[in-house]
Structure formats: C-alpha cells, structure tokens
Amino acid sequence: MSIYPTPEQFKTLLEGPPDQPVVMVNLLRFKPKADAPDEGLSGAAAYQLYGDQMRKIVESHGGRILWSGRVDSMVIADADPGYHAVALVEYPSRKK
C-alpha cells in the first residue's frame, strides 16, 4: 500500500476546484510496536504523538480535523484491509 501520492495522483488533486474546500480521508493502520524514535510505544500511541503535531500544522494552514475514530468493523468490503482508524481532514482549498 502506498503512503505517498504519485505525481499523476497529485496532479489530479490539484486539478479540482482551486477555491473550494477539500477533504482528505486517512485510512490508518498501526504497527504493534513503534519504530525509533518512539520505541517502547505502541504504533497507535506513536501515531497519536504524530497526530498531535500534525493537527497544529493543519490548523496553522486553515485546515481542521472533521472527524477521527477507530474502525471496529466494516459493512461492505471484499476483504478485511486491517484499518485501525480513520481521520477526515478538511483543508480550505487546494491552493495551500
């Protein structure tokens, strides 16, 4: 699974309406144990530290966290992809 957009995917994103909000859907999976520098923490706990810092950055650019929560089941899916959480992040436009 990719974690970074391809140049083509990023181009498609930027081709949308430049002056309207855009919402990013984050489908999250956590490792059982975090890598350095957060060794000793669970993957979820390490992601929480990252998320706290990212919230500040998102908000400093006019964005906001619309919703975040854990995945406890899926109704429609071909297979269990193993997502642990979902976060919806809104940015004011594609310009930033």
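Transitive grouping of hydrophobic side chains (ILVMFWY, heavy atoms separated by less than 4.5 Å) keeps V25 and L28 in distinct clusters. When hydrophobic clusters are built by joining Ile, Leu, Val, Met, Phe, Trp and Tyr residues whose side-chain heavy atoms come closer than 4.5 Å, directly or via intermediates, V23 is grouped together with V86.
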Distance-only donor-acceptor pairs under 3.5 Å for side chains of residues 68-76, two or more places apart:
none

Name each donor-acceptor pair under 3.5 Å that joins a side chain in residues 46-56 to protein atoms two or more places apart or in another chain, with its distance.
from	atom 1	to	atom 2	distance (Å)
Q48	NE2	D52	OD1	2.8

Under 3.5 Å, which donor-acceptor pairs link side chains of residues 36-43 to any protein atom two or more places apart or in another chain?
from	atom 1	to	atom 2	distance (Å)
S42	OG	A45	N	3.0

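Nearest heavy-atom pair, P92 versus H61, reported as atom, atom and distance to 0.1 Å: CG-O, 3.6 Å. When all heavy atoms of R94 and V22 are compared, the pair lying nearest together is NH2-CG2, 3.8 Å.
For residues 8-18, every residue pair satisfying the salt bridge (Lys or Arg N to Asp or Glu O under 4.0 Å) rule, not counting sequence neighbours, is listed here: K11-E15. Applying the ring pair (Phe, Tyr, Trp, His ring centres under 6.0 Å) test to pairs two or more places apart or on separate chains, none has a residue in residues 3-29.
Distance alone, capped at 3.5 Å, is enough to place a donor-acceptor pair between the H84 side chain and the F30 backbone.
Checked against side-chain contact (heavy atoms from CB on, under 4.5 Å), P7 has no partners two or more places apart in sequence or in another chain. Remark: K31 pairs with D35 by the side-chain hydrogen bond (donor to acceptor under 3.5 Å, both in side chains) rule, at least two apart or across chains. Legend: residues meeting side-chain contact (heavy atoms from CB on, under 4.5 Å) with V89, ordered by chain and number and at least two apart, are M24, N26, V58, I65, Y91.
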